[in-house]
**Student:** 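Handing you this structure, nothing more for now.
Given the structure is predicted, the values throughout are model-derived calculations rather than measurements. Chain letters run A, B, ... following the sequence lines, proteins first and then strands; every chain starts at 1.
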Amino acid sequence: PIGAGGGGCPAGGNDFQWCFSQVKGAIDEDVAEADIISTVEFNYSGDLLATGDKGGRVVIFQREQENKSRPHSRGEYNVYSTFQSHEPEFDYLKSLEIEEKINKIRWLPQQNAAHFLLSTNDKTIKLWKISERDKRAEGYNLKDEDGRLRDPFRITALRVPILKPMDLMVEASPRRIFANAHTYHINSISVNSDHETYLSADDLRINLWHLEITDRSFNIVDIKPANMEELTEVITAAEFHPHQCNVFVYSSSKGTIRLCDMRSSALCDRHSKFFEEPEDPSSRSFFSEIISSISDVKFSHSGRYMMSRDYLSVKVWDLNMESRPLETHQVHEYLRSKLCSLYENDCIFDKFECCWNGSDSAIMTGSYNNFFRMFDRDTRRDVTLEASRESSKPRASLKPRKVCTGGKRKKDEISVDSLDFNKKILHTAWHPADSVIAVAATNNLYIFQDKIN
Amino acid sequence: MEFKLEAHRIVSISLGKIYNSRVQRGGIKLHKNLLVSLVLRSARQVYLSDPCPGLYPWAGGFFFFPTGGPWRPPPQQQPGELAAGPPAGWGEPPRPPPTEPQSELSAVSEAPRVGDAVPAATVTGVGDVPQGGEADAAEAAWSRVEGPCQAAAGEAEGPAGGWAVFPLGSRAARRPCGCPLGGKDPPGTPAATPRSACCCAPRPAEDEPPAPPAVCPRKRGAAGVGGGPASCPAPSSTPLKKPRRNLEQPSSGGEDDDAEEMETGNVANLISIFGSSFSGLLRKSPGGGREEEEGGESGPEAAEPGQICCDKPVLRDMNPWSTAIVAF
């Protein structure tokens, strides 16, 4: 059944039901561009959920602990910390404005009481420390409670400062700034399983960083041609293998995925594996190249598989089979005949992300009209759901949606021409263990849980 | 025949996208432009390979591209000349493109204009466009184009250089309605003329609300909320929000820079597609292009606000990509 987080479901029993849990963000029809969510990411435990927006802000939600006195608020996510991660910058030398939009957030595994995450815009990656402070020291000798220095000559007795509880304060502070390493726009960051290094990828290069060292990085992939006129493809996404710290993959605008092993050479321009599905010549059109461009690539939690998202489909690959994907799931095939219009209104360039559930039994990705799709790999069933205010009553079940592709439109179906292409779900995230999903719909963040949870 | 029209339309759209990308925030997006150039190439191939002798939308229209200055036809404008510039195969246009700016425009209005729904085959496509970002993005791009001209008046210290990205050098761009121009202003003239001379264009930006926040260049540093001296209203209620800066700078990257420039190789592809008769278009620095054509203006900052396109209301009503065509 779709969404099985950890345990199995009763054989032959009902599917899990996705229900509305929460929605965050303004209800206003008029959406400020700065509020548009540009990335969503759960941390390793799933207790924290981070979002980044076009205005350069990061908002972190924390899951409430179960509380017997308030059973209905179990598992609710509430704002934990908000901070401005990136500001717009202007590169005066190149006369280039650098957007503050947060392209990606990636959490580091937790090693102490504080939480660390990496956030990046087009050019600069920052390591943020988010820490709690719930105690305050009082009773200093040299300064009084307001912080004013005391006159040492007036001090007649010494005391030991004591810690007193205070209202919880969550502070975010930038601990590292990794700048000036990317000429092109950063599209991905990925923390290595060694917890010491991470990679950042732009259109033509991938750099390897050490989390402690900000003034240099190693370039491990460089596909920039000597003559830019010969440029035929760019890097669109990159990710480290979840367990093998020497392995990473990167996808390209040509629909290919390359797996590289850093042990083989310092510069990983030559791939170890090359994943590409041959194009079906019968479906060739002006836009074949655009729709084959991969917008996201994600390893499964097991590390055995990976998933790639192109404009119309999601493909699951077995790392041991390069010739073709294991599975191909159509997300919105009905758009194939509309590609010209989608090219005109730029929707064809939308970069959808995809994600695995905790057990790798299901995958999810977004679509238009605030629809998102889930595919169960075991049962081969798929469902289309909608993130909308209308179906936002607490714990209300989400009704499966259906797009009518032609002919008679049944009741409750929506025709392709009625789809709202301004309402696109590009970013979704799945809790690493539980059946909880976060779906970003423009400026709103929807959280859904399954009934059982 | 339909293929040719479709291909023509796609070429126009693609050109418009590349054009718009030059004024988008954040610089030129290499990935998107690469994809657009691939589509452009495919469409061009189809266009050239579809044997359809009867229809030649003003072939010159493909070659024109809003650049830093008005398009000046190469000397001795002959049909053969035109065909000589671009790679062989574009074909002979039925009539030579005119050399006068005014007649250029009248030719434009006569020629089938893809964006303006003249050919029936393309009208349906226009109607089918799903609501989406292109029109808004183009409108936004246009409004950003307008902005700095107002800001430039009030704020001399814009970022140096590159103000004049507004590749709307071609005066024709100020005539989306297709009216012949009133006069042949040299490109350097701060031109109030075009707007007022046009009977069709709605009144220029005076009618608009006071500079939207997008206009304000933001002061960096300690400005905090409230942005620059232009006292832009903060568009958002969040205290942390600052007005968005409106400096549209493509990656201009001069060839001389020591630091690596963000090259946009796709524009180099355009050279090979359209031939070098198109100088100025594809320079990495749009300012560079203008300097060549406008004979050493004092600098992009001097680029007259008046040269900047036309009014928001008109633009809003237009198909975004037809502005690229109309620019010719």
**Student:** Which answer fits I235(A), side chain, backbone, both or neither, if we ask what part of it has an atom under 4.5 Å from a heavy atom of chain B?
**Tutor:**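 For I235(A), there is no contact with chain B at all, as no heavy atom is under 4.5 Å.
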
**Student:** Do the charged groups of E33(A) and R25(B) touch, with an N to O distance under 4.0 Å?
**Tutor:**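 Not counted as a salt bridge, because no side-chain N and carboxylate O are separated by less than 4.0 Å.
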
**Student:** State the OG-NZ distance between S253(A) and K32(B), to the nearest 0.5 angstrom.
**Tutor:**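 Result: 15.0 Å between the selected atoms.
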
**Student:** Given a strict heavy-atom distance threshold of 4.5 Å, which part of F286(A) is in contact with chain B: side chain, backbone, both, or neither?
**Tutor:**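 Both the backbone and the side chain of F286(A) come within 4.5 Å of chain B.
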
**Student:** Is the backbone of G26(B) close enough, under 3.5 Å, to the side chain of H185(A) for a donor and an acceptor to pair up by distance?
**Tutor:**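 Checked: pair present.
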
**Student:** Shorter than 4.5 Å, heavy atoms on both sides: which option in N227(A), I98(A), T232(A), D122(A) has the most such pairs with chain B?
**Tutor:**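 Among the listed options, the one with the most contacts to chain B is T232(A).
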
**Student:** Could you tell me which portion of S293(A) (side chain, backbone, both or neither) has an atom closer than 4.5 angstrom to a non-hydrogen atom of chain B?
**Tutor:**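 When you check distances to chain B, only side chain atoms of S293(A) fall under 4.5 Å.
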
**Student:** Please report the interatomic distance CD(E344(A)) to OG(S12(B)), rounded to the nearest 0.5 Å.
**Tutor:**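 OG of S12(B) is found 10.0 Å from CD of E344(A).
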
**Student:** What's the spacing between D203(A) CG and K29(B) NZ if we round to 0.5 Å?
**Tutor:**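 D203(A) atom CG to K29(B) atom NZ measures 10.0 Å (nearest 0.5 Å).
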
**Student:** Flag the pair L30(B) / L231(A) as yes when at least one side-chain heavy-atom distance between them is below 4.5 Å, and no otherwise.
**Tutor:**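 In contact.
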
**Student:** Considering residues, nucleotides and ligands other than D222(A), do more than 12 of their heavy atoms fall under 6.0 Å from its CG?
**Tutor:**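 Atom CG in D222(A) is packed in, count exceeds 12.
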
**Student:** State, yes or no, whether a side-chain contact exists between F287(A) and L35(B) at a heavy-atom distance under 4.5 Å.
**Tutor:**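 Side chain of F287(A) against side chain of L35(B), heavy atoms only: no contact under 4.5 Å found.
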
**Student:** Do K17(B)'s NZ or CZ and the ring of Y343(A) fall within the cation-pi criteria of under 6.0 Å and 45°?
**Tutor:**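 Pair K17(B)/Y343(A) counts as cation-pi.
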
**Student:** Quick one: closest heavy-atom pair of E289(A) and L38(B), and the distance?
**Tutor:**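 Heavy atoms only, the tightest pair is OE1-CB, 3.8 Å.
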
**Student:** Side chain, backbone, both or neither: which part of K351(A) has an atom under 4.5 Å from a heavy atom of chain B?
**Tutor:**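 Only the side chain of K351(A) comes within 4.5 Å of chain B.
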
